[in-house]
Amino acid sequence: LYRQMDIGSAKATLAERQGVRHHLLDVLEVTAEASVAQFQQLARTAIAQIQQRERLPIMVGGSSLYVRAVIDPLDFPGTDPAVRAKWTAALAQLGAPALHQILDERDPAAAAQILATNGRRIVRALEVGELTGRPFIAQLPKPESIYSGLTMVGLDIDREVLDQRIDQRVDQMWADGFVAEVSALAGLADSLSASRALGYQQVLAMLSGEISEAEAIAQTKTGTKKFARRQDRMMRKDPRIHWLAFDADDLVDQVLRLLDSD
RNA sequence: GGCAGGUUGCCCGAGUGGCCAAAGGGAGCUGACUGUAAAUCAGCCGUCAUCGACUUCAGAGGUUCGAAUCCUCUACCUGCCA
C-alpha cells in the first residue's frame with residue numbers, strides 16, 4: 001500500500017511487473033493509517049473496473065483478514081476517532097479485564113467471544129457498540145464468497161525451506177539498502193500502522209538505539225517467520241484453497257487447469 | 001604457572017539440601033480473530049502416561065533418609081596475578 005516502502009515490503013518492481021497493471025500499490029503516504037475497511041473498498045472497486053474491461057482480476061498476497069474482507073461478505077461497522085480514543089484511554093487506565101466487564105454488561109455475546117486479556121479487541125467491540133447501538137459480531141463468516149467463479153490457490157512449502165528463504169530475503173533487504181530506505185521515510189516513526197510493519201518496526205528500534213543492528217536483523221527474521229506461520233495456519237482453514245507445491249515445474253499449468261475447472 | 005569465578009532443559013537465565021521436571025524470557029507447536037491484522041490475545045512446551053511413573057541440571061565418584069544445590073577428581077570456559 002505504502003509509497004516508498006519498497007525494499008522492506010518486497011514490492012514488485014516495475015521490471016517484475018512486466019507491463020501487467022498492478023493495483024493498490026503506492027496508494028498511501030507512510031503517515032496515513034491503513035485499515036481493512038478501506039482496503040476492502042479499494043480492492044472491490046479495482047476488481048469491478050477490471051471486470052468491466054473483461055479481464056481476469058488476480059489478487060495476490062497477504063493476510064487472511066484482508067483477503068477475506070475483499071472476497072467474502074464482511075461488513076465493517078465504521079469507526080470514530082473520538083470514541084476509539086476514549087476506550088483506548090480507558091484501557092490504559094483500567095486494564096483489559098475491567099474493560100471486559102463493561103463489555104460484558106453491554107454486549108454479553110461479544111464478551112463471551114473475546115478473551116478478557118485482549119485489550120485491542122475489547123476496545124473495538126465497545127467502540128462498535130457505542131457507534132451502532134447493536135451487538136458486535138466477533139466471529140468470521142463462513143467461507144462463502146460474494147464473487148462467483150472464484151479460484152483460490154495456495155503455495156505449499158516446507159517450513160524448513162520457508163525459513164531458509166525468509167533468512168535469505170531479510171539478508172537481501174539489508175544488502176539492498178533497507179536501513180537507508182527507513183531512514184529516509186519522514187514521519188514513519190509517528191505513523192500508526194506503517195511503523196508497525198515487519199522490518200520497519202525493527203529498523204526504527206535500531207535507529208533509535210533500542211536494539212543493535214544484529215538484533216534488528218534477527219528479530220526481522222523471526223518476526224517474518226512467525227507472521228508467515230500464522231497466516232499459513234489461517235489460510236489452511238479455508239477449504240476453498242487448492243494447495244500446490246511451490247516448486248512444481250508446471251505450476252502455471254496447474255493453476256490454469258484449476259481456473260478451467262472451477 | 002598461581003588465585004578467583006563459572007558449566008542448568010533448543011537458546012538466554014533463576015534456583016545454593018527436601019515445597020524442583022526445576023521461576024522467568026525467547027524460540028517452537030497450536031488456537032482465537034470483522035477498521036492498527038506485517039496487529040492483538042490465549043493454551044501447550046523433558047519422556048511416557050489417567051492419577052502417576054520415568055530420565056535430567058558438564059562427566060565420574062562420594063556424603064546424606066533425601067542433592068541442580070555439600071565434598072573429591074576430570075573436562076571445558078571466564079576474570080585477576082605473571
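Letters go in sequence order (proteins before strands), and every chain restarts at 1. The basis for the numbers below is simple: all heavy atoms, side chains too, and nothing from hydrogens, waters or symmetry mates.
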Notebook entry, point to check: Does NZ or CZ of A:Arg124 fall inside the cone over A:Trp87's six-membered ring, less than 6.0 Å from its centre and within 45° of the axis?
Noted result: no

Margin query: Applying a 4.0 Å non-hydrogen cut-off, can you work out what A:Ile137 is touching in the nucleic acid: base, sugar-phosphate, or nothing?
Written below: base

Margin query: Less than 4.0 angstrom between a side-chain N/O of A:Arg229 and OP1 or OP2 of B:C29, yes or no?
Written below: yes

Next item on the list: List the atom of A:Arg169, the atom of A:Ser9, and the distance in Å for their closest heavy-atom pair.
Entry: NH2-C, 3.9 Å

Margin query: Please report the distance separating the C1' of B:A22 from the corresponding atom of B:U47, rounded so that it comes out in whole Å.
Written below: 15 Å

Check: Using a cut-off of less than 4.0 Å, is there contact between a side-chain N or O of A:Gln113 and OP1 or OP2 of B:A32?
Finding: no

Item checked: Distance-only side-chain donor-acceptor flag, A:Glu181 / A:Tyr200, under 3.5 Å -> yes

Check: Heavy atoms under 4.0 Å, any strand shown: does A:Tyr200 hit a base, just sugar-phosphate, or nothing?
Finding: nothing

Checklist line | A:Lys226, nearest nucleotide to its side chain (from B:A42, B:A27, B:U36) | finding: B:A27

Item checked: Identified pairing partner of B:G1, criterion: Watson-Crick or G-U wobble below 3.5 Å -> B:C81

Note to self: Both distances below 3.5 Å, Watson-Crick or wobble geometry, any strand: find the nucleotide opposite B:G31.
What the structure shows: B:C41

Next item on the list: For A:Phe136, report the nucleic acid contact type (base, sugar-phosphate, nothing); a contact means any heavy atom under 4.0 Å.
Entry: sugar-phosphate

Check: Hey, does A:Trp243 have a side-chain heavy atom less than 4.5 Å from the side chain of A:Met152?
Finding: no

Next item on the list: Give A:Gly199 one of three labels, base, sugar-phosphate or nothing, depending on what nucleic acid heavy atoms sit under 4.0 Å from its own.
Entry: nothing

Note to self: For a quick check, tell me whether the side chain of A:Asn118 and the base of B:U40 share a donor-acceptor pair closer than 3.5 Å.
What the structure shows: yes

Notebook entry, point to check: Side chains of A:Ser208 and A:Glu210: do they bring a donor and an acceptor to under 3.5 Å?
Noted result: yes

Note to self: To check you understand the geometry: which heavy-atom pair defines the closest contact between A:Asp26 and A:Gln4, and what is its length?
What the structure shows: OD1-N, 4.3 Å

Check: What integer number of Å spans the P atoms of B:G62 and B:A67?
Finding: 13 Å

Margin query: Using a heavy-atom cut-off of 4.0 Å across all strands, would you classify A:Arg159 as base, sugar-phosphate, or nothing?
Written below: sugar-phosphate

Next item on the list: For A:Val128 and for A:Ala10, locate the closest nucleotide of RNA chain B by heavy-atom distance; then report the residue assigned to the nucleotide nearer the 5' terminus.
Entry: A:Val128

Next item on the list: Examine B:A38: is either OP1 or OP2 under 4.0 Å from a nitrogen or oxygen in the side chain of A:Lys225? Give yes or no.
Entry: no

Margin query: Between P on B:C29 and CG on A:Asp232, what's the gap in Å once rounded to a whole number?
Written below: 10 Å

Item checked: A:Ser35 side chain near B:U36 phosphate (N/O to OP1/OP2, under 4.0 Å) -> no

Item checked: Complement of B:A58, any strand, by Watson-Crick or G-U distances under 3.5 angstrom -> B:U74

Next item on the list: Scan every strand shown for a Watson-Crick or G-U wobble partner of B:A53, both distances under 3.5 Å, and answer none if you come up empty.
Entry: B:U47

Checklist line | A:Arg121 side-chain N/O to B:U34 phosphate OP1/OP2 under 4.0 Å | finding: yes

Checklist line | A:Arg233 side chain near B:U30 phosphate (N/O to OP1/OP2, under 4.0 Å) | finding: yes

Margin query: Does A:Gln38 reach a base, just sugar-phosphate, or nothing at all? Heavy atoms under 4.0 Å.
Written below: nothing

Notebook entry, point to check: Is the phosphate of B:U36, meaning OP1 or OP2, less than 4.0 Å from a side-chain N or O of A:Arg196?
Noted result: no

Next item on the list: Ignoring the backbone of A:Phe76, work out which of B:U34, B:U40, B:G28 is nearest its side chain.
Entry: B:U34

Notebook entry, point to check: Mind checking whether A:Val123 and A:Lys86 have side chains closer than 4.5 Å, heavy atoms only?
Noted result: no

Check: Of all the nucleotides listed (B:A38, B:C33, B:G35), which has the minimum atom distance to the side chain of A:Arg169?
Finding: B:A38

Check: For B:U36, which nucleotide is its Watson-Crick or G-U wobble mate, given both distances must be under 3.5 Å?
Finding: none

Check: Just by distance, with hydrogens left out, do A:Ser195 and A:Gln201 show a side-chain donor and acceptor under 3.5 Å apart?
Finding: no

Next item on the list: Can you figure out which of B:G35, B:A38, B:U34 approaches the side chain of A:Val36 most closely?
Entry: B:G35

Checklist line | B:G18 to B:C81 separation - P atoms, rounded to the nearest Å | finding: 38 Å

Checklist line | P-based separation of B:U8 from B:G15 [nearest Å] | finding: 14 Å

Next item on the list: Between B:A68 and B:A14, how far apart are the C1' atoms? Round to whole Å, please.
Entry: 12 Å

Note to self: Under 4.0 Å, heavy atoms only, any strand: does A:Gly8 hit a base, just the sugar-phosphate, or nothing?
What the structure shows: base

Item checked: B:A14 pairs with, by Watson-Crick or G-U criteria that keep both distances under 3.5 Å -> none

Next item on the list: Answer yes or no: does a side-chain N or O of A:Arg230 lie under 4.0 Å from OP1 or OP2 of B:G31?
Entry: no

Check: Is A:Lys237 touching bases, backbone alone, or none of the nucleic acid, heavy atoms closer than 4.0 Å?
Finding: sugar-phosphate

Notebook entry, point to check: Using a cut-off of 4.0 Å on non-hydrogen atoms, how would the nucleic acid contact of A:Thr224 be classed: base, sugar-phosphate, or nothing?
Noted result: nothing

Next item on the list: Could you please name the option among B:G31, B:C41, B:A37 that lies closest to any side-chain atom of A:Thr117?
Entry: B:C41

